Amino acid sequence: MGKDVIIACDFSSAKETFAFLDKFENEKPFVKIGMELFYAEGPSIVRDIKARGHKIFLDLKLHDIPNTVKKAMKVLSGLDVDMTNLHAAGTKAMMEAALEGLTRPDGSRPLLIAVTQLTSTSEERMKEELLIDSPMDVTVMHYAKNAADAGLDGVVCSPLEAEKVHKTCGDSFITVTPGVRFADGDIGDQVRVMTPAQARKIGSDYIVVGRPITAAPDPVSAYRRCVAEFVD
Ligand code: C5P
């Protein structure tokens, strides 16, 4: 499976997104489209970015009853995205239904990745609001195992969890890791971060990088630096 750098295109409009992508003349980076951009622009944003030759991780984090998720995944699969995701908390039945919906008549399908526990959820909130008594790392690994059992391809996780996820679910189970910063860069609002080189060392399969590239004075060089540290 290909290690790659995925650029988080956290822009609010197609105009801003294309102005950013226009800077890349020689490369076609793998891009992540999140809820903000998708809800603002609709499916046409996916088709337009795809038509420019980019791979797309559509980050919509589905979570609903199995039948609804299955039908929604069928629509996303028709949009020809390369990777999409859902919440593992939706249960194995939901994840299995999602895979079914995502699989095209010819048997091909986008990669399907699970969100375990959002990094914005603390252990304290889990205990008090969600009545989940297990420690965070136990819960995250349990959700990852459920995702693997349901046949999913991997999870979104902190680079610090990637090694343990591979130990629990196998080396071919994909880890997609945000929270990446250059050694000499701004951390911003991220708390637990790793450099692209460190993420490579601990076995992340894909890194998701937003502001270190999108807010850089020269985004193309920042992207190349990520690729050089993580992939080459
Ligand atoms: O700008 P930055 O590199 O922090 O962007 C990281 C991207 O990864 C954002 O799109 C953010 O929503 C996403 N993400 C994250 N932490 C998670 C899950 C997703 O930063 N646990």
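For the single chain, residues carry numbers from 1 onward in sequence order. Remember, it's a predicted structure, so these values are computed and weren't measured experimentally. Read the numbers this way: they start at 1 and go in the same order the structure lists the ligands and their atoms.
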Checklist entry - Can you name the residues that form a side-chain contact (heavy atoms from CB on, under 4.5 Å) with Ser120, not counting sequence neighbours? => result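 If we apply the side-chain contact (heavy atoms from CB on, under 4.5 Å) test to Ser120, skipping adjacent residues, the hits are Leu118.
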Item to check | Salt-bridge contact Asp218-Arg225 (side-chain N to carboxylate O under 4.0 Å) | outcome: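 Salt bridge between Asp218 and Arg225, a charged N being under 4.0 Å from a carboxylate O: no.
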Next on the checklist: Salt bridge or not between Asp232 and Arg200? Use side-chain N to carboxylate O under 4.0 Å.
Outcome noted: no
Checklist outcome for this item: For ligand 1, protein residues within the heavy-atom limit of under 4.0 Å are Ala8, Asp10, Lys32, Thr119, Pro178, Arg181, Gln190, Val208, Val209, Gly210, Arg211, Pro212
Checklist entry - Other than Ile65, what residues sit in its cluster of Ile, Leu, Val, Met, Phe, Trp and Tyr side chains whose heavy atoms are under 4.5 Å apart, directly or through others? => result none
Item to check | Pairs involving residues 20-38, ordered by first then second residue, that meet side chain to side chain donor-acceptor pair (under 3.5 Å) (sequence neighbours left out) | outcome: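 Checked against side chain to side chain donor-acceptor pair (under 3.5 Å) - neighbours excluded - the pairs reaching residues 20-38 are Asp22-Arg52, Glu27-Arg224, Lys32-Asp59.
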Checklist entry - Which one of Val227, Thr175, Ile7, Val5 satisfies the side chain to side chain contact (heavy atoms under 4.5 Å, CB included) criterion with Ile207? => result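 It is Val5; the other options fail the test.
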